[in-house]
Number of protein chains: 2
Amino acid sequence: MVTKAAKKGEIKCPVTGMLQLIGGKWKPIILYCLRSEKRRFGEIAVRIPDLSRKVLTEQLKELEADGLITRQQFNEIPPRVEYALTALGQSLSPVLNEMEKWGMENIISKQ
Amino acid sequence: MVTKAAKKGEIKCPVTGMLQLIGGKWKPIILYCLRSEKRRFGEIAVRIPDLSRKVLTEQLKELEADGLITRQQFNEIPPRVEYALTALGQSLSPVLNEMEKWGMENIISKQ
DNA sequence: AATACTAGTAACAAAATGGTAACAAAAGCG
DNA sequence: CGCTTTTGTTACCATTTTGTTACTAGTATT
């Protein structure tokens, strides 16, 4: 929600601000996937089968640009790239945990 | 993240499931706006100035169809419509609270 | 008679996301 | 040597989602 101050550009709604970083259609799932371990590109892709590799590449770039994940590239053949959460990315854990919990209670358990 | 069972359609990743309901670009903010009080269409629109009325209309319809909010229409002139969270919508509060908290700590306070 | 008010809607435009195919470049194999 | 496999990324194009602008209706106010 946006306050008067937000209209002046002084501060923003915290939820709005957060959604600018993880508001994409896939970003929360990607971060959730990286929550506990660093993972290679292909590993993430396997775990999110409905996400095309092209879009995954794009989303990872944005997450890296926003400082939520790191990208470590190994100059090997075939190529290897590992993604991991930054401290800022880790700080999202409470949000992701609540999402997971809600999904468990309201979706998974009702199937 | 999606397990083997998810591929068979038996269960889904809780985060994925949740994002199917509130994964839009604006839905979390709309719910956040309705968190504590019922609000008229125009009130929501004023509080989320970057969200066009057309898209707001669409998102509200989807939220209603998904059982997260209710829409109460008063046959008055000029028209009046009030939106409010359902119990299911209320159950999202912990998620929205964590989002708010994260935004406060990581965005608002760093301006 | 002209204007304001509210909750939208229609037509059209832009941005975000998706599908497919292709790339490099070393390694394994016959 | 030619042939295939592997991985992360990209180019080109199609589709879906989100955004802009103008407009409606019935009553009340100016």
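The sequence lines fix the lettering, A, B, ..., with proteins before strands; numbering per chain opens at 1.
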(message) By the 4.0 Å heavy-atom rule, please label A/Phe74 as base, sugar-phosphate, or nothing.
(response) nothing
(message) Expressed as a whole number of angstroms, how long is the span from A/Arg80:CZ to C/dA25:C1'?
(response) 17 Å
(request) Can you figure out which of D/dT10, D/dG19, C/dA7 approaches the side chain of A/Thr57 most closely? (result) D/dT10
(request) Write down the atom of A/Leu96, the atom of A/Tyr32, and the distance for their closest heavy-atom approach. (result) CD1-N, 3.9 Å
(message) Expressed as a whole number of angstroms, how long is the span from A/Leu51:CG to C/dT17:P?
(response) 10 Å
(request) Write down the distance between CD1 (A/Ile44) and C1' (D/dT7), rounded to a whole number of angstrom. (result) 13 Å
(request) Have a look at B/Val55 and say if it touches a base, only the backbone sugar-phosphate, or nothing, with a 4.0 Å heavy-atom cut-off. (result) base
(request) Please tell me which of A/Lys25 and B/Glu43 maps to the more 5' nucleotide of DNA chain C, matching each residue to the nucleotide holding its nearest heavy atom. (result) B/Glu43
(request) For residues B/Arg35 and B/Leu85, report the shortest heavy-atom separation together with the two atoms involved. (result) CA-CD1, 3.8 Å
(request) Measure from the side-chain heavy atoms of A/Phe41 and tell me the nearest of C/dT17, D/dG8, D/dT7. (result) D/dG8
(request) Let me know the distance between CG of B/Leu56 and C1' of D/dT21, rounded to the nearest Å. (result) 17 Å
(message) Rounded to whole Å, please give me the gap between CD in A/Gln72 and C1' in D/dG8.
(response) 15 Å
(request) Please determine if B/Lys101 and B/Glu105 form a salt bridge, counting it only when a charged side-chain N lies under 4.0 Å from a carboxylate O. (result) no
(request) Calculate the interatomic distance between B/Asn75 atom CG and C/dT6 atom C1'; express it in whole Å. (result) 13 Å
(message) Counting the atoms with a prime plus P, OP1 and OP2 as sugar-phosphate, which does A/Ser52 contact under 4.0 Å by heavy atoms, base, sugar-phosphate, or nothing?
(response) sugar-phosphate
(message) So, does B/Arg40 get its side chain near the phosphate of C/dG8, meaning an N or O under 4.0 Å from OP1 or OP2?
(response) no
(request) Starting from the 5' end of DNA chain D, give me the residue, A/Glu82 or B/Glu58, whose nearest nucleotide shows up first. (result) A/Glu82
(message) From CG of A/Asp50 over to P of C/dG19, roughly how many Å is that when rounded to an integer?
(response) 9 Å
(message) OP1 or OP2 of C/dA16 versus the side-chain N and O atoms of A/Gln59: is any pair under 4.0 Å?
(response) no
(message) Less than 4.0 angstrom between a side-chain N/O of B/Lys54 and OP1 or OP2 of C/dC12, yes or no?
(response) no
(request) Give a yes or no on whether the backbone of A/Cys33 and the side-chain of A/Arg47 come within a donor-acceptor separation of less than 3.5 Å. (result) no
(request) Nearest-nucleotide wise, let me know which of A/Ile77 and A/Arg53 is further upstream toward the 5' end of DNA chain D. (result) A/Ile77
(message) Quick check on DNA chain C: between B/Arg71 and A/Gly23, whose nearest nucleotide comes earlier from the 5' end?
(response) B/Arg71
(request) State, to 0.1 Å, how close B/Pro28 and A/Leu19 come at their nearest heavy-atom pair, and which atoms those are. (result) CB-CD1, 3.8 Å
(message) Please determine whether a side-chain nitrogen or oxygen atom of A/Trp26 lies at a distance below 4.0 Å from atom OP1 or OP2 of C/dG18.
(response) yes
(message) Assess the residue pair A/Val95 and A/Leu31 against the criterion (side-chain contact (heavy atoms from CB on, under 4.5 Å)); give the C-alpha distance rounded to whole Å, side-chain angles, the decisive distance to 0.1 Å, and a yes or no.
(response) CA-CA 11 Å; A/Val95 178; A/Leu31 295 169; over 6 Å; no
(message) What is the separation between atom NZ on B/Lys61 and atom C1' on D/dT17, rounded to the nearest whole Å?
(response) 16 Å
